[in-house]
Amino acid sequence: MSIRVYNTLTRTKEEFQTIAPGKVGIYLCGPTVYKESHIGHMVGPVIFDTIKRYLAYNRFEVTWVVNITDVDDKLIAQSQQRGIPMSQVATEMTMDYCANLMALGVDQITHMPKATEHIKEIIEFIQRLIEKDYAYESAGDVFFDVRKDSEYGKLSNRRPEEQAGMGGEAASKKRAPGDFALWKEAKPSEPAWQSPWGPGRPGWHIECSAMSHKVLGNSFDIHGGGLDLIFPHHENEVAQSECCHDVPMARYWMHNGLLRSGEAGKVGGRATAEENTADGLEHTATEKMSRSKGAGGLRGLIDRQGGERIRFFLLRTHYRSTIVFSEDRVAEAGGALEKFYLFFERYQRVTGQSFYLDPNHSSNASQRLRDHDGSYTGDSELRENVCELKSEFLRKMDDDFNTGAAMSDLFQLLTALNKFADENRLEDKQPADEPLEAFCQGVETLRELAHLLGLFVTPPVRAVGESDQEATNALVNLLINLRSEARTNKNFDTADQIRDSLGDIGIILEDRQGSTEWRTQ
RNA sequence: GGCGCCGUGGCCAAGUGGCUAAGGCAGAGGAUUGCAAAUCCUUUAUCCCCGGUUCGAAUCCGGGCGGCGCCUCCA
């Protein structure tokens with residue numbers, strides 16, 4: 001039983017072996033906090049949050065670092081444009097980023113170091129590179145000399161000499177066009193820190209090398225980020241770090257696929273299939289999500305769809321694949337979650353306990369360990385089925401964290417449990433003890449596996465406010481009572497009219513034994 | 001030009017050499033229900049095209065067509 005991960009460096013799946021036994025260090029490149037984050041920024045955090053949960057489940061002690069880059073040309077531009085200090089822009093956007101992470105259930109991050117709080121380490125790092133002759137000062141700037149690094153290009157598989165169009169505005173200060181800035185001289189109006197080369201600020205890549213070194217050491221296990229960071233960001237990071245420390249920076253380089261926009265121009269307006277297929281072929285122009293292309297509105301998306309839907313949408317596809325994003329797609333995918341929510345209500349009807357608040361398990365279920373001593377006793381068809389689905393789920397997760405494939409077992413588990421509840425009439429007043437226990441154990445497994453994906457940890461956030469809900473509650477119950485009376489009198493026309501009218505405004509009634517329940521949508 | 005990815009049922013999406021090609025959504029039929037809802041059961045695949053390797057390929061190789069990414073800021 002071993003975990004395999006795809007390594008960008010070798011372009012193969014490799015067996016996962018940690019540097020220190022039982023411990024894992026992960027560094028994920030976080031955002032440059034100059035604007036509100038968009039949906040694309042959530043892909044890496046969500047998959048690595050899941051990876052951390054899974055590694056912890058496999059008895060690893062995991063340290064997961066996500067950096068905040070809070071000094072950068074774009075941040076300076078923002079602060080000047082808005083007329084506020086750069087640090088204020090950074091603080092606002094960092095809070096926005098963290099709020100979005102929380103909404104998507106990303107709560108496993110161990111450290112979030114900021115670049116501006118590590119200027120000293122950054123300067124020391126650069127000094128070391130200069131001493132070792134891998135970097136040079138040039139008129140207030142410091143550059144990394146790519147020609148000194150014989151391994152430069154190994155991650156992205158490209159040779160600097162073959163690159164066209166490199167150099168940028170600082171080209172005249174460089175020895176070679178592929179050289180990149182470690183330290184940038186400050187212009188008069190720009191924020192600056194004192195350094196041996198005069199006032200300035202760090203270049204883009206150096207903060208990650210310095211901070212990962214500080215928190216995780218010379219070598220750590222996993223370095224992650226979006227595919228678009230392979231070049232130049234990660235290529236430059238490896239170059240800096242390995243020239244500085246003379247050991248491999250990271251064992252496994254993991255890169256998540258990017259999101260592409262699949263907006264058909266009908267977001268928010270329930271586009272019907274009939275409308276779209278009128279001309280037979282509708283080629284939706286899709287393009288990569290990026291802030292420069294106007295992707296945005298993550299907060300609104302979260303408000304409308306809920307974080308869990310978005311998380312589910314992202315984990316449905318393998319993390320290295322491109323995902324075509326649109327709100328319609330999120331909404332559509334999220335419909336599948338309803339089946340689980342309805343089941344959790346069923347679970348509550350059967351056991352009288354909330355799926356979420358079970359005092360015995362809720363708080364610890366996500367900390368369950370693999371191969372724990374399960375309380376699975378006796379044998380039955382359900383138990384066998386559950387065990388098999390669980391091992392299938394784990395087998396798929398072992399194979400490069402194949403969350404999309406693993407989800408199918410979650411759905412099959414759900415179906416098995418529903419079927420079992422049907423067949424054993426668990427919603428009757430007095431269900432037999434033995435089947436009830438088997439059922440609860442099955443639910444326990446469902447919870448255990450779902451929590452590995454970060455799903456169903458907390459109740460879904462509904463859009464309705466608290467007080468609204470109370471009023472709605474009272475009102476609907478009133479109508480239910482009226483309808484119930486009509487039904488008792490065999491006045492089904494009236495009963496149906498009430499139910500249909502409620503259905504028209506989005507309230508669904510469900511008749512159970514002796515009572516009627518309702519839900520929205 | 002250099003490096004790289006993708007093309008699986010109406011839609012989304014696993015599977016990368018060998019049982020009847022997962023699962024979800026949508027649709028259809030059935031069970032259940034006073035009628036519904038929920039739930040369960042049943043049901044839909046020339047795996048982009050052509051050639052090759054092989055006893056055997058969606059899966060490997062070559063070619064073609066189509067879509068996309070990076071090489072400039074980007075998760």
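Values in this document were obtained by computation on a predicted structure and should not be read as measured data. Order of the sequence lines fixes the chain letters, A, B, ..., with proteins taken first and strands second; residue numbering starts at 1 for each chain.
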For this session: Scan every strand shown for a Watson-Crick or G-U wobble partner of B:G62, both distances under 3.5 Å, and answer none if you come up empty.
Result: B:C50
Exercise. Can you tell me the Watson-Crick or wobble partner of B:U16, both distances under 3.5 angstrom?
Worked result: none
Problem set entry | Enclosure of A:E388 CD (heavy-atom neighbours >12, cutoff 6.0 Å) | no
Exercise. Please give, in whole Å, the distance from B:U32 P to A:N418 CG?
Worked result: 18 Å
Exercise. Between A:Y252 and A:Y6, is the gap from one ring center to the other below 6.0 Å?
Worked result: no
Exercise. Across all strands shown, which nucleotide pairs with B:A31 by Watson-Crick or G-U wobble geometry, both distances under 3.5 Å?
Worked result: B:U39
Exercise. Heavy-atom count around A:Q497 CD within 6.0 Å, excluding the residue itself: above 12?
Worked result: no
Exercise. Relative to the ring of A:H205, is the ring of A:H233 parallel (under 30°), tilted (30 to 60°) or perpendicular (over 60°)?
Worked result: tilted
For this session: Under a 3.5 Å limit for both distances, which nucleotide forms a Watson-Crick or G-U wobble pair with B:G9, could you say?
Result: none
For this session: Figure out the CG/P separation between A:L426 and B:U39, and round it to whole Å.
Result: 16 Å
Exercise. Going by atom types only, do A:E308 and A:Y341 share a side-chain donor-acceptor pair under 3.5 Å?
Worked result: yes
Seminar exercise, completed: Across every strand shown, the nucleotide meeting Watson-Crick or G-U wobble geometry with B:G4 (both distances under 3.5 Å) is B:C68
Exercise. Roughly how many Å is it from CG in A:D400 to C1' in B:A14, rounded to a whole number?
Worked result: 13 Å
For this session: Measure distances between side-chain N and O atoms of A:D328 and base N and O atoms of B:C11, and say whether any donor-acceptor pair falls under 3.5 Å.
Result: no
Exercise. By ring pair (Phe, Tyr, Trp, His ring centres under 6.0 Å), which residues pair with A:F492, not counting sequence neighbours?
Worked result: none
Seminar exercise, completed: Hits for ring pair (Phe, Tyr, Trp, His ring centres under 6.0 Å) against A:H255, two or more places apart or cross-chain, chain-then-number order -> A:H234
Exercise. Once the angle between the rings of A:Y27 and A:F220 is folded into 0 to 90°, is it parallel (under 30°), tilted (30 to 60°) or perpendicular (over 60°)?
Worked result: tilted
Exercise. Do A:R487 side-chain and B:G34 base share a donor-acceptor contact under 3.5 Å?
Worked result: yes
Exercise. Listed in order of residue number, which residues of residues 491-502 of chain A have a non-hydrogen atom at under 4.0 Å from RNA chain B?
Worked result: A:F492, A:D496, A:R499
Problem set entry | Touch class at under 4.0 angstrom, heavy-atom based, for A:H233 against every strand present | nothing
Problem set entry | Upstream residue (5' side of RNA chain B) when A:D72 and A:L414 are each assigned their closest nucleotide | A:L414
For this session: Side chain of A:V43 only, please: which of B:A14, B:A75, B:U39 is the nearest?
Result: B:A75
Exercise. Can you find a side chain N or O atom of A:S321 that sits less than 4.0 Å from OP1 or OP2 on B:A14?
Worked result: yes
Exercise. Can you tell me the Watson-Crick or wobble partner of B:A26, both distances under 3.5 angstrom?
Worked result: none
Problem set entry | Between B:U39 (C1') and A:E517 (CD): distance, integer Å | 14 Å
Problem set entry | Whole-Å distance separating the CD atom of A:E427 from the P atom of B:U33 | 14 Å
Exercise. Can a donor-acceptor pair be found between the side chains of A:D72 and A:T32 at a distance below 3.5 Å?
Worked result: no
For this session: Tell me what A:R483 touches on the nucleic acid: a base, only sugar-phosphate, or nothing, going by heavy atoms under 4.0 Å.
Result: base
Seminar exercise, completed: Regarding the side chain of A:R158, the nearest nucleotide among B:A75, B:A38, B:G2 is B:G2
Which protein N or O atoms sit under 3.5 Å from an N or O of nucleotides 16-25 of chain B?
{"from": "B:A22", "atom 1": "N3", "to": "A:S408", "atom 2": "OG", "distance (Å)": "3.4"}

Exercise. To the nearest Å, how far apart are A:R425 CZ and B:C40 P?
Worked result: 16 Å
Exercise. Considering only B:G34, B:A37, B:G4, which nucleotide approaches the side chain of A:N157 most closely?
Worked result: B:G4
For this session: Ignoring the backbone of A:R329, work out which of B:C12, B:C41, B:A14 is nearest its side chain.
Result: B:C12
Exercise. Looking for any heavy atom pair under 4.0 Å, which part of the strands does A:R11 touch: base, sugar-phosphate only, or nothing?
Worked result: nothing
Exercise. When all nucleic acid strands are considered with a 4.0 Å heavy-atom cut-off, which category describes A:I508: base, sugar-phosphate, or nothing?
Worked result: sugar-phosphate
Exercise. Rounded to whole angstroms, how far apart are CZ on A:F325 and C1' on B:C68?
Worked result: 19 Å
Exercise. Using a cut-off of 4.0 Å on non-hydrogen atoms, how would the nucleic acid contact of A:G30 be classed: base, sugar-phosphate, or nothing?
Worked result: sugar-phosphate
Exercise. Considering residues at least two apart in sequence or located in another chain, which fulfil the side chain to side chain donor-acceptor pair (under 3.5 Å) criterion with A:R519?
Worked result: A:E510
Problem set entry | Residues A:E327 and A:R304 bridged, charged N to O under 4.0 Å | yes
Problem set entry | Inter-nucleotide P distance (B:U39, B:G56), Å rounded | 46 Å
For this session: With sequence neighbours left out, write down each residue that passes side-chain contact (heavy atoms from CB on, under 4.5 Å) with A:S156, or none if nothing qualifies.
Result: A:R158, A:I230, A:F231, A:E235
Problem set entry | Spacing of A:R260 atom CZ relative to B:C70 atom P, expressed in whole Å | 11 Å
Problem set entry | Comparing A:K419 and A:T322 on RNA chain B - which has the more 5′ nearest nucleotide | A:T322
Problem set entry | Atom C1', compared across B:A36 and B:A58: separation rounded to whole Å | 43 Å
Seminar exercise, completed: Winner on side-chain proximity to A:N402, out of B:G15, B:A36, B:A75, is B:G15
